[in-house]
Amino acid sequence: MMSFFLGYGIYLAQCPIITCTFYKRLHQMVIVQKRLGVSSVLTYSFDQITRMDLQVQRTRYGREYRIVFYLSAFHPSTRKQLPLTQDYDQNHNDQASLLHKIKTFLASG
C-alpha cells in the first residue's frame with residue numbers, strides 16, 4: 001500500500017501545473033508551466049492565434065478532449081498547434097464550456 005502512495009506521489013510531482021492568462025490590454029496570452037520547481041513561460045500575441053478548437057482523441061474507453069490553440073506562425077518554443085494542457089479529458093461538456101468562455105472573453109470589447 002505504501003508503494004502505491006509513493007508511486008502516486010511521484011506521478012503528481014511530475015505533473016505540470018499550468019496557468020493560462022489572457023491580457024487583453026497587452027493583447028497577449030501567457031502560459032506558465034511549473035513542474036518540480038522549474039517553470040517555463042510561453043507568451044503569444046493574440047494575432048498569432050488563428051483559431052481555438054477542441055482536439056479529440058479516441059481511446060478504447062471512448063473519446064477524450066483538450067483545448068488547442070492554432071498559431072499562424074511558428075513560435076521558437078512550440079509547434080503550430082499549442083495544446084492548453086498535455087492531457088486529454090473525458091468530459092466533453094467541461095472542455096467545450098471552457099473553450100466557449102475563452103472565446104467569449106476574447107471577443108468582448
Side-chain angles (χ1 to χ4, degrees):
M1 186 69 154
M2 185 60 131
S3 63
F4 168 77
F5 287 115
L6 180 61
Y8 189 66
I10 291 171
Y11 169 76
L12 287 178
Q14 293 177 350
C15 292
I17 297 172
I18 299 170
T19 305
C20 182
T21 307
F22 297 94
Y23 295 101
K24 288 181 97 172
R25 289 183 186 213
L26 299 175
H27 208 64
Q28 290 183 337
M29 173 180 72
V30 177
I31 298 175
V32 178
Q33 299 177 345
K34 295 180 182 177
R35 178 182 305 176
L36 290 174
V38 177
S39 64
S40 63
V41 178
L42 304 172
T43 304
Y44 302 94
S45 167
F46 290 167
D47 296 332
Q48 289 178 280
I49 303 170
T50 57
R51 68 183 175 106
M52 296 170 269
D53 210 349
L54 284 183
Q55 190 174 57
V56 181
Q57 170 180 286
R58 293 182 185 196
T59 67
R60 65 186 208 184
Y61 303 109
R63 294 181 180 178
E64 297 179 333
Y65 309 89
R66 71 179 177 184
I67 296 173
V68 176
F69 299 97
Y70 294 91
L71 305 176
S72 61
F74 286 103
H75 191 276
S77 62
T78 190
R79 302 179 303 268
K80 195 164 182 138
Q81 292 182 14
L82 177 67
L84 182 59
T85 62
Q86 296 173 357
D87 298 326
Y88 288 82
D89 187 340
Q90 291 181 343
N91 194 329
H92 176 268
N93 292 339
D94 286 350
Q95 293 295 309
S97 175
L98 180 58
L99 179 63
H100 176 72
K101 288 175 184 177
I102 293 171
K103 286 182 176 181
T104 302
F105 175 75
L106 294 178
S108 66

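The two residues Leu82 and Leu71 have their closest heavy-atom pair at CB-CD1, 4.3 Å. Nearest heavy-atom pair across Asn91 and Tyr65 is C-CD1, 4.4 Å.
Separating the CD1 atom in Ile67 from the CG atom in Leu98 is a distance of 3.5 Å, to the nearest 0.5 Å. Atom-to-atom distance recorded for Asp89:CG and Leu84:CG is 11.5 Å, nearest 0.5 angstrom. Going from atom CD of Gln48 over to atom OG1 of Thr43 covers 9.5 Å, rounded to the nearest 0.5 Å. Atom CZ of Arg66 sits about 7.5 Å away from atom CD of Gln57, to the nearest 0.5 Å. The distance from the CD atom of Gln28 to the CD1 atom of Ile49 is 10.5 Å, given to the nearest 0.5 Å. Once rounded to the nearest 0.5 Å, the distance linking CZ of Arg63 with NE2 of His92 reads 9.0 Å.
Tyr88 pairs in a side-chain hydrogen bond (donor to acceptor under 3.5 Å, both in side chains) with only one of the listed residues (Glu64, Gln95, Gln55), which is Gln55. The one candidate from Tyr44, Phe46, Phe22 that meets the ring pair (Phe, Tyr, Trp, His ring centres under 6.0 Å) condition with His27 is Phe46.
Sorted by first then second residue, the salt bridge (Lys or Arg N to Asp or Glu O under 4.0 Å) pairs that include residues 47-56, not counting sequence neighbours, are Arg51-Asp53.
A continuous path of Ile, Leu, Val, Met, Phe, Trp and Tyr side chains, each step under 4.5 Å between heavy atoms, connects Met29 with Ile102, placing both in one hydrophobic cluster. Both Phe105 and Phe69 sit in one connected hydrophobic cluster of ILVMFWY residues. Membership requires side-chain heavy atoms under 4.5 Å apart, directly or through other members. By the criterion of side-chain heavy atoms lying less than 4.5 angstrom apart, applied directly or through intervening Ile, Leu, Val, Met, Phe, Trp or Tyr residues, Leu42 is grouped together with Ile18 in one hydrophobic cluster.
In this structure, the side chain of Ser72 does not engage the main chain of Thr50 through any donor-acceptor pair within 3.5 Å.
In the hydrophobic clustering, where aliphatic and aromatic side chains (Ile, Leu, Val, Met, Phe, Trp, Tyr) are joined below 4.5 Å either directly or transitively, Ile17 stands alone.
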*Checking side-chain contact (heavy atoms from CB on, under 4.5 Å) for the pair Ile31/Val41: CA distance, chi angles, key distance, verdict?*
CA-CA 6 Å; Ile31 298 175; Val41 178; over 6 Å; no
*What's the verdict on side-chain contact (heavy atoms from CB on, under 4.5 Å) for Met52 and Leu106, showing C-alpha distance, side-chain angles and the deciding distance?*
CA-CA 11 Å; Met52 296 170 269; Leu106 294 178; 3.7 Å; yes
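For the residue pair Ser108/Lys24, the side-chain donor-acceptor check at 3.5 Å is satisfied.
For Gln33, the side chain to side chain donor-acceptor pair (under 3.5 Å) test picks out no residue, with sequence neighbours left out.
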